[in-house]
Undergrad: 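If you scroll down you'll find the structure; I have some questions about it.
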4 protein chains.
Amino acid sequence: MPGTPKALRPRKTPRQKRSAATRDRILDAAARVFVEHGYAAGTTNRIAEEAGLSIGSLYQYFPNKDAILLQLARRHVDQGRRAVAEALRSGLPGTWDERAALLADTALRIHDGDARLHRVLFEESPRPPALLEEIRRLQDALVEALAELLRADPPVRGAGPDAAGARLTAWFLVAATESLTHRYLADRPTPDVSAFRRELIALLTAYLHRPPHDGADGP
Amino acid sequence: MPGTPKALRPRKTPRQKRSAATRDRILDAAARVFVEHGYAAGTTNRIAEEAGLSIGSLYQYFPNKDAILLQLARRHVDQGRRAVAEALRSGLPGTWDERAALLADTALRIHDGDARLHRVLFEESPRPPALLEEIRRLQDALVEALAELLRADPPVRGAGPDAAGARLTAWFLVAATESLTHRYLADRPTPDVSAFRRELIALLTAYLHRPPHDGADGP
Amino acid sequence: MPGTPKALRPRKTPRQKRSAATRDRILDAAARVFVEHGYAAGTTNRIAEEAGLSIGSLYQYFPNKDAILLQLARRHVDQGRRAVAEALRSGLPGTWDERAALLADTALRIHDGDARLHRVLFEESPRPPALLEEIRRLQDALVEALAELLRADPPVRGAGPDAAGARLTAWFLVAATESLTHRYLADRPTPDVSAFRRELIALLTAYLHRPPHDGADGP
Amino acid sequence: MPGTPKALRPRKTPRQKRSAATRDRILDAAARVFVEHGYAAGTTNRIAEEAGLSIGSLYQYFPNKDAILLQLARRHVDQGRRAVAEALRSGLPGTWDERAALLADTALRIHDGDARLHRVLFEESPRPPALLEEIRRLQDALVEALAELLRADPPVRGAGPDAAGARLTAWFLVAATESLTHRYLADRPTPDVSAFRRELIALLTAYLHRPPHDGADGP
DNA sequence: AATGAATGAGCCTTCATTCAT
DNA sequence: GATGAATGAAGGCTCATTCAT
């Protein structure tokens with residue numbers, strides 16, 4: 001809009017910027033409060049106080065407590081999505097070992113410092129089905145992409161897995177990576193992250209390169 | 001106990017027996033209520049009703065809601081402990097593949113039908129540090145026993161892991177088994193339990209038999 | 001249940017009696033509070049206090065504020081129904097003049113001392129459709145009965161009104177009686193109730209005995 | 001006003017004019033909002049929005065919510081006053097039958113389309129005593145004027161009512177007209193307005209022409 | 001020991017009103 | 001004068017816990 005006097009234009013821009021900033025302040029405060037107290041004991045008043053706002057203001061930005069949680073979860077999921085996208089941006093590495101490392105590193109990057117929040121968001125709180133669906137979609141996309149890759153470029157020569165097998169293997173890769181990272185961050189069996197990382201990659205690659213199944217099993 | 005003179009039987013026993021039975025009834029009721037409603041919405045009144053008691057009576061058996069939760073969790077942990085003990089009673093299998101299968105089966109047995117309760121108990125509720133400590137001790141014992149076994153009978157010839165390495169590997173075995181079982185029960189990527197079981201065992205054995213690490217790693 | 005020991009039987013009876021008494025205490029308190037403050041400002045805490053109970057107890061008897069209002073309204077409607085039924089019990093008087101007097105007296109009896117409450121209940125508060133329906137049914141029944149009577153025993157010789165006319169006339173009788181009684185109790189244009197009563201009856205009988213309509217009208 | 005030198009035109013007028021226009025816009029908005037949502041749920045923010053103003057601006061025109069209500073009520077009363085005045089402007093009709101028709105028509109005109117607002121203003125909201133007084137004064141004036149007319153020109157030959165009687169009769173005329181109109185608009189026992197009008201006029205005229213009272217009454 | 005009515009702190013949320021820009 | 005973000009008192013309601021019977 002050239003020609004419009006500068007003084008007349010902004011009008012809403014600074015407000016919206018500030019507004020967005022306040023929203024984020026509330027979300028950050030909520031994250032901290034939920035992490036410390038859990039969902040049930042993370043009261044809206046506490047969140048408002050933590051955010052340095054009155055309770056009334058908080059409710060001008062979010063219609064209710066669950067909306068805060070939902071937004072927080074969405075933000076979290078988005079960060080995950082972005083992390084995955086970014087990891088893939090520069091092209092997938094050529095070997096499965098490198099790919100396993102990438103998986104581990106991405107998981108570590110996503111969850112570092114956020115494991116407790118993740119837990120509150122996705123396990124302890126009332127998650128609306130819409131969010132659940134969104135999460136599942138994200139995970140499914142990842143699993144599906146990995147399964148496709150497993151089929152196109154089988155890590156074990158000769159024994160390309162069938163469709164269902166590839167998907168299950170992909171699910172195991174994703175689930176193991178994420179669950180173990182979570183658990184590591186909660187448990188800290190070693191204070192040494194790189195030791196954990198190395199071991200996780202070892203697990204993933206061993207699993208990927210496992211010799212073909214001979215069919216014998218039983219309790 | 002026929003033949004025992006009435007007057008000699010301990011006065012308190014029947015009461016205590018009934019008392020213990022009532023406690024258990026309350027705990028069972030609490031388990032059902034927590035599973036259905038979660039911790040926060042699992043009110044003491046609901047528990048009392050489910051147990052077929054008045055709320056007043058419930059409070060004669062437990063000083064407060066958290067005590068119920070604590071007891072429930074302890075019972076759950078005990079069941080885990082017993083399951084592990086029982087698994088070992090008849091002697092450990094001779095091969096690591098069989099041991100991996102035992103691990104997987106025990107995890108499935110412990111959590112089947114109880115995953116939601118487990119979740120409520122250990123993720124959604126305010127867990128007192130004492131309980132956390134207890135859980136950790138149990139897990140540590142398991143991890144330590146496995147580590148010991150790894151050292152005494154290394155699955156990979158020639159390359160016996162050092163002490164710390166053995167413990168980390170043991171932690172991975174336990175954590176992967178439990179986490180993946182959990183996740184499977186929540187996600188159900190396959191409706192077929194035995195497919196999951198087979199794959200989990202494959203993962204564990206592949207990890208156990210992995211070729212010695214060559215030291216090269218990095219992002 | 002003859003033979004049942006007296007001491008074992010009552011058990012619940014006294015409780016229920018007390019329970020019902022408490023309900024009534026709450027309703028009475030609510031009536032007073034609503035009359036004094038109106039619906040919006042008649043807070044549940046105020047009602048509880050007026051009833052000499054804690055807020056928690058109040059909510060053990062009613063699930064929410066509207067339920068209190070609804071119950072109060074129903075009680076009021078029931079009283080009206082009973083008043084009407086009772087008025088008719090001893091048989092309807094034989095002349096329309098006496099019937100008009102009965103109508104007026106019943107209205108006065110129903111509303112005396114309750115006009116403000118009536119207003120709060122039926123005009124100022126959120127009335128659930130169910131209640132509205134109930135009220136309307138009661139009024140319709142009354143109107144319909146009167147219309148039937150007007151047809152069977154026309155107050156004006158020769159000019160029996162048609163069906164629709166009878167119903168409209170009946171509606172006017174009922175509405176005028178009730179509305180004017182209400183208004184009188186709110187306005188008190190005369191402190192003398194019997195003067196009002198006389199005039200109301202005069203209005204009703206004049207209306208009943210009005211000469212047949214000649215069809216000419218217009219603004 | 002062409003020709004008036006700019007410098008001479010009163011500075012304040014345009015502002016005051018605009019100010020008055022804004023006030024009216026707010027009142028109109030309030031009327032709509034109150035009609036749709038009732039008093040309690042008719043929030044000031046909603047009113048401001050409906051008026052196309054910011055909440056801050058609204059508070060520059062009215063000190064608080066009740067002031068809006070008061071002003072609205074006053075405007076409503078004024079309209080009533082004006083309607084009555086206008087009805088009388090062209091001279092009172094010569095017969096009581098025509099006067100009854102005028103009464104009915106005026107009531108219908110005043111309330112048509114406004115019954116809900118009337119209700120909110122005068123029954124559902126906290127009316128300050130000052131307003132109540134004003135309303136009562138207006139009604140009293142009307143009643144008094146009618147009473148005077150009844151005395152000066154008694155509808156029933158020979159039996160001119162005494163002072164108190166005339167006032168009571170006048171009150172009945174006004175109250176019946178208004179109450180029944182209200183009730184009709186809320187109840188709609190006939191969808192046909194003209195049928196209602198005819199019947200109302202019949203009631204009023206029958207009442208006016210009632211044969212003199214013979215003094216006998218009783219319960 | 002059992003019962004369940006009673007308690008009240010505290011939660012989420014609304015909305016009239018103020019005030020910095 | 002206008003704006004709308006900020007405020008916080010207050011309301012409806014829940015639920016762990018107590019206590020008279």
Side-chain angles (χ1 to χ4, degrees), chain A residues 10-12 14-16 18-19 21-23 40-49 51-68, chain B residues 15 18-19 22 40-49 52-68, chain C residues 11-12 14-16 18-19 21-23 40-49 51-68, chain D residues 15 18-19 22 37 40-49 52-68:
Chain A
R11 192 58 92 109
K12 233 170 182 180
R15 275 188 207 142
Q16 285 181 346
R18 218 179 129 208
S19 176
T22 307
R23 276 183 72 87
T43 72
T44 51
N45 277 290
R46 250 198 268 261
I47 294 173
E49 192 185 6
L53 276 135
S54 71
I55 181 63
S57 293
L58 184 150
Y59 273 89
Q60 234 155 10
Y61 289 90
F62 295 91
N64 55 48
K65 187 181 173 180
D66 280 3
I68 301 179
Chain B
R15 269 195 219 157
R18 232 186 104 207
S19 172
T22 306
T43 70
T44 50
N45 275 289
R46 251 199 264 259
I47 295 172
E49 191 187 6
L53 274 116
S54 71
I55 180 64
S57 295
L58 185 150
Y59 271 86
Q60 232 143 2
Y61 289 91
F62 293 92
N64 55 47
K65 188 181 174 181
D66 279 5
I68 300 177
Chain C
R11 190 60 91 110
K12 232 166 181 181
R15 274 187 209 141
Q16 284 183 346
R18 219 181 127 207
S19 175
T22 307
R23 275 183 73 86
T43 73
T44 51
N45 278 289
R46 249 198 268 260
I47 294 173
E49 192 185 7
L53 277 135
S54 70
I55 181 63
S57 292
L58 184 151
Y59 273 89
Q60 234 155 10
Y61 289 90
F62 295 92
N64 54 49
K65 188 181 172 179
D66 280 3
I68 300 178
Chain D
R15 270 194 218 156
R18 231 185 106 208
S19 172
T22 307
H37 298 94
T43 70
T44 51
N45 274 289
R46 250 198 266 258
I47 295 172
E49 191 187 7
L53 274 117
S54 72
I55 180 63
S57 295
L58 185 150
Y59 272 86
Q60 233 144 0
Y61 289 92
F62 293 92
N64 56 46
K65 189 181 174 181
D66 280 4
I68 300 177

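Reminder, nothing fancy here: chain letters follow the sequence lines and each chain counts from 1.
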Undergrad: What I'd like to find out is whether the side chain of B:L58 reaches to under 4.5 Å of the side chain of B:I68, using heavy atoms alone.
TA: yes
Undergrad: So, the side chain of C:R46 versus the backbone of C:A41: is there a donor-acceptor pair under 3.5 Å, distance only?
TA: yes
Undergrad: Going 5' to 3' along nucleotides 14-20 of chain F, which nucleotides have protein heavy atoms under 4.0 Å from the base (write B), which only from the sugar-phosphate (write S), and which from neither (write -)?
TA: BBBBB--
Undergrad: Rounded to whole Å, please give me the gap between NE2 in D:H37 and C1' in E:dT14.
TA: 14 Å
Undergrad: In Å, rounded to the nearest 0.5 Å, how long is the span from CD of D:E49 to OG1 of D:T43?
TA: 8.5 Å
Undergrad: Side chains of A:F62 and A:T44: closer than 4.5 Å at any heavy-atom pair?
TA: no
Undergrad: Within this structure, what is the CG-to-C1' distance between A:L58 and F:dG8, rounded to whole angstrom?
TA: 13 Å
Undergrad: Rounded to the nearest angstrom, tell me the gap between atom CD in B:E49 and atom C1' in E:dT3.
TA: 14 Å
Undergrad: Rounding to a whole Å, what distance do you find between A:F62:CZ and E:dT14:P?
TA: 15 Å
Undergrad: Between D:S19 and D:T22, do the side chains contain a donor N or O and an acceptor N or O under 3.5 Å apart?
TA: no
Undergrad: Rounded to whole angstroms, how far apart are CZ on A:R23 and P on F:dA5?
TA: 13 Å
Undergrad: Go through E:dA6, E:dT3, F:dA6 for me and flag the one nearest to the A:Y61 side chain.
TA: F:dA6
Undergrad: For a quick test of reading the model, state the closest non-hydrogen atom pair linking C:A40 to D:A40 and the distance between them.
TA: CB-CB, 4.4 Å
Undergrad: Scan every strand shown for a Watson-Crick or G-U wobble partner of F:dA20, both distances under 3.5 Å, and answer none if you come up empty.
TA: E:dT3
Undergrad: Can you find a side chain N or O atom of D:S54 that sits less than 4.0 Å from OP1 or OP2 on F:dG4?
TA: no
